[in-house]
Number of protein chains: 2
Amino acid sequence: MRYPNHTKEPSDHLQVFEQACKSAGLKITHQRTEVFKELAKADDHPSAEIIYSRLKKKLPTLSIDTVYRTLSTLEKQGLISKVQTVESQARYEFNNEHHHHLICDNCHEIIDFDWQAFDDYPLPKELSNWGHIKEKKAILHGLCHKCSEKKG
Amino acid sequence: MRYPNHTKEPSDHLQVFEQACKSAGLKITHQRTEVFKELAKADDHPSAEIIYSRLKKKLPTLSIDTVYRTLSTLEKQGLISKVQTVESQARYEFNNEHHHHLICDNCHEIIDFDWQAFDDYPLPKELSNWGHIKEKKAILHGLCHKCSEKKG
DNA sequence: TTTCGTGCAAAAGTTTTGCAGTCTA
DNA sequence: TAGACTGCAAAACTTTTGCACGAAA
């Protein structure tokens with residue numbers, strides 16, 4: 001779901017997809033296109049298994065491996081993104097105080113920080129009818145100094 | 001890691017832990033205490049496997065199952081939290097535009113929304129030396145109307 | 001003593017990989 | 001046709017569960 005609703009046409013998405021495949025040297029295969037289209041039209045942030053089950057009727061020979069591989073490929077190209085996960089293993093922290101996260105996309109180090117101004121900031125009014133919001137957190141992603149240097 | 005640094009003493013954490021166990025009817029076992037202490041003193045958001053490996057020297061008979069079970073129990077009590085994960089399966093989305101996420105902790109529905117005011121807001125200055133921040137995202141958690149009603 | 005927790009082992013669930021045949025460019 | 005992609009099968013990795021013994025209250 002999305003507030004406000006999408007404005008772009010599906011055909012625009014396909015063009016972006018084909019363009020991105022070409023410039024990355026990726027072949028435009030039937031399976032790849034269908035996985036992409038299924039995700040582009042979905043508004044519920046589906047998992048690999050869900051995409052697989054939705055496509056199974058249309059593409060009975062499709063395998064789950066291909067879905068995993070395709071999602072991983074498209075993510076590397078920046079065409080799609082994984083929601084809210086850092087790595088395969090779950091990571092924990094002791095809940096002492098409310099705080100925010102800054103994550104290095106290369107070494108996956110997580111920095112906690114405070115941001116009072118954000119905590120005090122009012123939420124967008126479209127969200128007022130959604131339900132009860134319990135937590136409000138900022139997640140920043142980037143490349144830390146150590147990793148920038150390593151990469152030259 | 002954390003900006004700014006922690007202020008509380010480890011002994012305070014232990015008291016909170018013991019209090020929470022008592023009021024939840026959980027026994028204060030050796031393993032449970034050690035897993036908790038290990039996480040409370042860690043500043044790197046470790047996974048279950050990492051906590052296990054750190055404790056193995058001190059508690060050679062500890063099993064990984066116990067670490068998983070303990071983390072899960074403590075999370076249910078609200079003493080600790082999982083970082084950045086929604087569910088066990090990764091979930092994807094098509095990257096059309098920058099946006100933020102509102103997640104129902106019960107049904108796991110994810111709502112995308114725009115928040116221009118947040119996007120324009122300056123970052124805390126402590127972060128200016130960290131490296132290169134590429135993305136800045138708000139993640140809200142709560143209970144949606146549908147789920148509030150279901151639960152009464 | 002009673003109940004809960006742990007360790008062991010096995011299973012379940014998620015994702016990745018090697019390989020040989022197939023398809024795209 | 002060459003190289004990339006797919007499907008199959010198997011493996012790897014992460015997490016959960018049943019059970020019997022051991023430990024906490």
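The chains referred to below are lettered A, B, ... by the order of the sequence lines, with proteins before strands, and numbering in each begins at 1. The model shown is predicted, which means the values in this text are computed figures rather than measured ones.
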Visitor: Taking only residues two or more places apart in sequence, or in another chain, which ones meet B:Phe118 in a ring-ring contact (aromatic ring centres under 6.0 Å, His included)?
Guide: A:Trp115, A:Phe118, B:His100, B:Trp115

Visitor: Under a 4.5 Å cut-off applied to non-hydrogen side-chain atoms, are B:His132 and A:His145 in contact?
Guide: no

Visitor: For B:Glu49 and C:dT14, give me the distance from atom CD to atom C1', rounded to whole Å.
Guide: 15 Å

Visitor: Does B:Ser63 place a side-chain N or O at less than 4.0 Å from the phosphate oxygens OP1/OP2 of C:dG7?
Guide: yes

Visitor: Rounded to whole Å, please give me the gap between OH in A:Tyr52 and P in D:dG7.
Guide: 9 Å

Visitor: Starting at the 5' end of DNA chain C, which residue's closest nucleotide do you reach first, B:Arg69 or A:Arg69?
Guide: B:Arg69

Visitor: Once you round it to whole Å, what is the distance between P of C:dA12 and CG of B:Asp65?
Guide: 16 Å

Visitor: Can you identify which nucleotide, out of D:dT6, D:dG7, C:dG7, has its nearest atom closest to the B:Thr61 side chain?
Guide: C:dG7

Visitor: Separation of B:Gln31 atom CD from C:dC8 atom P, in whole Å?
Guide: 11 Å

Visitor: Would you give the length of the straight line joining atom CG of A:Leu127 to atom NZ of A:Lys125, rounded to the nearest 0.5 angstrom?
Guide: 10.5 Å

Visitor: Evaluate the side-chain proximity of B:Leu123 to A:Leu140: yes if any heavy-atom separation is below 4.5 Å, no if none is.
Guide: yes

Visitor: Need the bend value for the helix from C:dT1-D:dA25 to C:dA25-D:dT1: angle between end axes, 5 pairs each end, nearest 10°.
Guide: 40°

Visitor: Hey, does A:Ile64 reach any base, or is it just sugar-phosphate, or nothing, if we go heavy atoms under 4.0 Å?
Guide: nothing

Visitor: Could you state the CG-C1' distance from B:Leu59 to D:dA23, rounded to the nearest angstrom?
Guide: 14 Å

Visitor: What is the distance, to the nearest angstrom, from the CZ atom on A:Arg32 to the C1' atom on C:dT24?
Guide: 10 Å

Visitor: Taking all non-hydrogen atoms of both residues into account, name the closest pair between B:Pro124 and A:Asp114 and its distance.
Guide: CG-O, 3.9 Å

Visitor: Rounding to a whole Å, what distance do you find between A:Leu71:CG and D:dT6:P?
Guide: 11 Å

Visitor: Please check if any side-chain donor atom of B:Ser63 sits under 3.5 Å from a side-chain acceptor atom of B:Thr66, or the reverse.
Guide: yes

Visitor: Would you call B:Lys41-B:Glu38 a salt bridge at under 4.0 Å N-O?
Guide: yes

Visitor: Mind checking the CG-OG1 spacing from A:Leu14 to A:Thr33? Nearest 0.5 Å is all I need.
Guide: 7.0 Å

Visitor: Mark yes when over 12 heavy atoms from residues, nucleotides or ligands other than A:Lys56 sit less than 6.0 Å from its NZ; otherwise mark no.
Guide: yes

Visitor: Within residues 19-29 of chain B, which residues have any heavy atom lying less than 4.0 Å from an atom of DNA chain C?
Guide: B:Leu26, B:Lys27, B:Thr29

Visitor: Between D:dC5 atom C1' and A:Tyr68 atom OH, what is the distance in whole Å?
Guide: 19 Å

